[in-house]
Amino acid sequence: MPKKLAEEEFELLKEVGYSDKAIEFYINEVNVGSIEKPDVALVYTGPCGDAMKIYLKINKNCVIEGAKFYYLGCPGAASSGSAITKLIIGKTMEEAKRIMEQDILRELGGLPESKLHCPELAITTLQKAIAEYEKDKGQQQV
Ligand code: FES
């Protein structure tokens with residue numbers, strides 16, 4: 001269900017420089033949620049104090065079939081989480097590991113100057129989730 005924003009809040013997002021795409025992701029909460037029985041779910045809190053939890057469903061060919069997230073934080077974190085989950089669905093874990101800040105910013109059509117670090121929260125959370133998954137898999141094979 002889309003977020004309900006007052007007209008003033010919507011205008012404020014625009015005024016401070018959020019792109020239409022970032023606002024759309026934020027309002028529509030794209031890929032916000034959890035996955036039942038995920039192959040991995042991991043929480044990470046960034047240096048700014050915002051936090052993200054990413055859930056991944058990974059098939060036997062190492063392709064990410066599902067990705068969802070929850071966040072506690074700013075619209076930059078929200079839209080970055082939407083962008084990264086959109087970008088990685090259908091990709092292999094190796095491809096997902098190569099996603100950079102620039103890819104998220106391109107997907108969003110940019111972020112306000114003061115929010116350029118927000119994609120880092122999504123990237124680090126994803127990388128830690130993949131590392132955790134690989135560690136678990138490695139242990140299962142021992
Ligand atoms: Fe922390 Fe945006 S201010 S992720």
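Atoms within each ligand, like the ligands themselves, are counted from 1 in listed order. For the single chain, residues carry numbers from 1 onward in sequence order.
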Using 2.8 Å as the cut-off, note every protein N, O or S atom close to atom 1 (Fe) of ligand 1.
Cys48 SG, Asp50 OD2
Out of Ile123, Thr85, Leu111, Leu105, which one pairs with Ser80 under the side-chain contact (heavy atoms from CB on, under 4.5 Å) rule?
Leu111
Residues Thr92, Lys97; criterion side chain to side chain contact (heavy atoms under 4.5 Å, CB included); working and verdict:
CA-CA 9 Å; Thr92 64; Lys97 281 185 206 168; over 6 Å; no
Quick one: do Val16 and Ile27 end up in the same hydrophobic cluster if we chain Ile, Leu, Val, Met, Phe, Trp and Tyr together by side-chain heavy atoms under 4.5 Å apart?
yes
For residues Ile88 and Ile35: do they belong to one hydrophobic cluster (side chain heavy atoms under 4.5 Å, members Ile, Leu, Val, Met, Phe, Trp, Tyr)?
yes
Test: Asp103 and Arg98 ion pair at under 4.0 Å:
no
Please determine whether side chain to side chain contact (heavy atoms under 4.5 Å, CB included) holds for the pair Leu5 and Leu13, giving the CA-CA distance in whole Å, both sets of side-chain angles, and the decisive distance to 0.1 Å.
CA-CA 10 Å; Leu5 289 192; Leu13 284 166; 3.6 Å; yes
